[in-house]
Amino acid sequence: MQTLLNKGAILVISGPSGCGKSSLLKEVYKAVDNYYFSISTTTRAPRTGEKDGVDYFFVSKEEFEKDIHEGYFLEHAKVHGNYYGTSLKSIISSLNAGKLVIFDIDVQGHRIVKQQLHDVTTSVFITTPTLKELENRLLSRNTDDSSTIKKRIENAKKEIKQIDKYDYFIMNDNLQEASQLLVSIAKAAQAKTKLFNIEDIIKYWNKEV
Ligand code: ADP
Ligand code: 5GP
């Protein structure tokens with residue numbers, strides 16, 4: 001089937017910071033071969049353990065603004081007071097290589113990606129079962145100070161109102177069940193009819209055996 005794929009697919013994952021997106025994605029990476037995780041560029045400071053070029057490309061506000069003016073981004077947004085953006089070039093080359101391109105981006109970014117690449121995009125909104133549980137996870141992750149956590153909680157209250165803009169919704173309560181669901185959605189994202197060239201399929205199907 002991979003050889004008949006006309007182009008790659010996009011999987012957008014959004015949800016409040018701390019709901020478990022990175023934890024769930026680890027299972028997707030094990031289950032899907034041909035994927036590219038879109039490494040975003042950000043002006044926020046790295047957390048302990050985060051590496052430049054792995055988790056994000058960490059840049060200054062000046063560098064980010066220069067990149068905006070030079071048309072470097074497919075989309076960019078200000079989240080919790082910092083810039084975040086997705087580079088266009090790496091996305092295009094991964095799509096042309098037929099990969100599943102995975103974005104962990106906020107609701108503003110999702111809106112733009114959907115506008116521009118609707119046919120190849122599948123989106124999932126993830127939350128914790130409750131707001132209180134979100135706070136617990138942010139506290140137990142122990143990577144942000146209390147004012148940052150407060151900002152993330154306030155943003156989460158706004159973001160959750162956008163669930164209906166997404167194709168799928170996952171409540172990340174039991175990690176194993178939620179990751180199985182995300183893996184199924186990631187696989188379905190690669191089976192969208194719009195990703196295939198119908199003429200190639202018919203030619204292949206009519207082949208004499
Ligand atoms: P995000 O990438 O959305 O910011 P993380 O994957 O970093 O979130 O998860 C935030 C914290 O919650 C981490 O400490 C992680 O181990 C924990 N976590 C993730 N999923 C669950 C779950 N289903 N139940 C309990 N804790 C979880
Ligand atoms: P964090 O600081 O917790 O890594 O991410 C904060 C928020 O920014 C999350 O909601 C995450 O999905 C979002 N985000 C990360 N990268 C991008 C990006 O490139 N574009 C947009 N629009 N949002 C992003």
Side-chain angles (χ1 to χ4, degrees), residues 10-29 36-59 64 67-68 72-91 101-117 121 123-145 147-163 165-166 170-182:
I10 291 177
L11 179 67
V12 173
I13 313 275
S14 302
S17 193
C19 72
K21 298 181 295 292
S22 320
S23 311
L24 295 170
L25 278 173
K26 286 187 187 141
E27 294 307 312
V28 174
Y29 303 151
Y36 168 74
F37 176 72
S38 163
I39 303 168
S40 297
T41 303
T42 184
T43 58
R44 91 147 156 73
R47 294 185 187 124
T48 315
E50 281 185 333
K51 290 195 183 76
D52 186 41
V54 176
D55 301 282
Y56 282 104
F57 295 110
F58 295 99
V59 299
F64 198 103
D67 285 347
I68 296 176
Y72 176 83
F73 295 113
L74 165 66
E75 64 76 35
H76 62 87
K78 241 186 184 168
V79 190
H80 316 131
N82 288 304
Y83 280 123
Y84 292 82
T86 308
S87 116
L88 187 58
K89 212 168 139 195
S90 48
I91 302 312
V101 181
I102 303 173
F103 294 143
D104 172 348
I105 57 176
D106 85 322
V107 295
Q108 308 168 73
H110 167 244
R111 188 163 31 83
I112 295 164
V113 171
K114 211 165 81 168
Q115 269 166 15
Q116 304 207 3
L117 295 156
T121 301
S123 59
V124 193
F125 193 93
I126 301 173
T127 68
T128 45
T130 61
L131 186 60
K132 184 74 201 144
E133 174 62 12
L134 180 67
E135 196 178 356
N136 292 343
R137 286 188 197 170
L138 284 169
L139 288 168
S140 70
R141 189 169 69 183
N142 205 17
T143 51
D144 301 292
D145 60 32
S147 82
T148 308
I149 290 182
K150 211 167 150 220
K151 233 188 261 178
R152 282 162 194 267
I153 299 265
E154 287 314 308
N155 198 47
K157 289 184 193 166
K158 292 187 206 137
E159 285 205 311
I160 194 140
K161 294 182 187 153
Q162 303 294 318
I163 287 179
K165 307 286 188 309
Y166 287 76
I170 298 179
M171 193 179 273
N172 175 23
D173 189 0
N174 177 301
L175 186 64
Q176 205 192 344
E177 282 173 21
S179 29
Q180 274 171 7
L181 188 51
L182 187 58

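Values reported hereafter were calculated over all heavy atoms of this structure, with side chains retained and with hydrogens, waters and symmetry mates removed. One-based numbering, in listed order, for ligands and for the atoms of each.
Below 3.5 Å of separation, one finds an N or O of D106 facing an N or O of ligand 2. Taking only nitrogen or oxygen atoms, main chain and side chain alike, H76 does not reach within less than 3.5 Å of ligand 2. In terms of N/O distances under 3.5 Å, ligand 2 is not approached by I13. Looking at ligand 2, you won't find any N or O of K21 less than 3.5 Å from one of its N or O atoms. Taking distance alone, with nitrogen or oxygen atoms compared against 3.5 Å, R141 stays at or beyond that limit from ligand 2. Between R44 and ligand 2, a contact under 3.5 Å exists for at least one N or O pair. At least one N or O atom of S17 sits closer than 3.5 Å to an N or O atom of ligand 2.
Distances below 4.0 Å separate heavy atoms of A77 from the following atoms of ligand 2: 22 (N). Short contacts between ligand 2 and G109, defined as distances under 4.0 Å to a heavy atom of the residue, involve ligand atoms 22 (N).
Between the side chain of K21 and the backbone N or O of G15, at least one donor-acceptor pair lies under 3.5 Å. Checking side-chain atoms of D144 against main-chain N and O of I149 turns up no donor-acceptor pair under 3.5 Å.
For atom 6 (C) of ligand 2, the closest non-hydrogen atom on the protein side is Y84 OH, 3.5 Å. When only non-hydrogen protein atoms are considered, atom 7 (C) of ligand 2 lies nearest to V79 CG1, 3.8 Å.
For H80, every heavy-atom contact with ligand 2 shorter than 4.0 Å involves the side chain, none the backbone. The part of Y56 lying near ligand 2 is the side chain, judged by heavy-atom distances below 4.0 Å. Of all the heavy atoms of K78, none lies under 4.0 Å from any atom of ligand 2, so neither backbone nor side chain is involved.
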Side-chain donor-acceptor contacts of residues 129-136 below 3.5 Å, not counting sequence neighbours, with atom names and distances?
unit_1, atom_1, unit_2, atom_2, d
T130, OG1, E133, N, 3.0
E133, OE2, R137, NE, 2.7
E133, OE2, R137, NH2, 3.2

Identify all side-chain donor-acceptor contacts of residues 73-82 below 3.5 Å with residues at least two apart in sequence or on another chain.
unit_1, atom_1, unit_2, atom_2, d
E75, OE2, T86, OG1, 2.5
H80, NE2, N155, ND2, 3.3

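In this structure, the side chains of E159 and S17 stay at 4.5 Å or more apart for every pair of heavy atoms. Y72 is not listed as a side-chain neighbour of K89, based on a closest heavy-atom distance of 4.5 Å or more. Within the 4.5 Å cutoff, no side-chain heavy atoms of P16 are placed close to those of I160. For the pair T41 and F64, the minimum side-chain heavy-atom distance is below 4.5 Å. Side-chain contact between Y83 and V59 is absent, with no heavy-atom pair separated by less than 4.5 Å. At a threshold of 4.5 Å between non-hydrogen side-chain atoms, the residues Y84 and D106 do not count as touching.
Residue Q108 places no heavy atom under 4.0 Å from ligand 2. In this structure, G85 counts as a contact residue of ligand 2, since one of its heavy atoms falls inside 4.0 Å of the ligand.
Under 3.5 Å, the side chains of S14 and H110 contain no donor-acceptor pair of N or O atoms.
Taking all heavy atoms of I126, D104, N155, I39 into account, the minimum distance to atom 14 (N) of ligand 2 is reached by D104. The residue among S40, P16, G18 with a heavy atom at the shortest distance from atom 19 (O) of ligand 2 is S40. By heavy-atom distance, the residue among I105, T148, D144, V107 lying nearest atom 24 (C) of ligand 2 is I105. Scanning E50, R47, E75 for the heavy atom closest to atom 20 (N) of ligand 2 points to E75.
Sorted by chain and number, the residues within 4.0 Å of ligand 1 by heavy atom are P16, S17, G18, C19, G20, K21, S22, S23, R137, R141, N172, D173, L175.
Taking all atoms of both residues into account, the shortest heavy-atom contact from K51 to D55 is N-OD2, 2.6 Å. Closest non-hydrogen pair, R44 versus F58, comes out as O-CD2, 3.2 Å. In terms of heavy atoms, V107 sits closest to F125 at CG1-CE1, 4.0 Å.
Scored by the side-chain hydrogen bond (donor to acceptor under 3.5 Å, both in side chains) test, S140 finds no partners at all (sequence neighbours excluded).
A 6.0 Å sphere centred on NZ of K165 holds more than 12 heavy atoms belonging to other residues, nucleotides or ligands.
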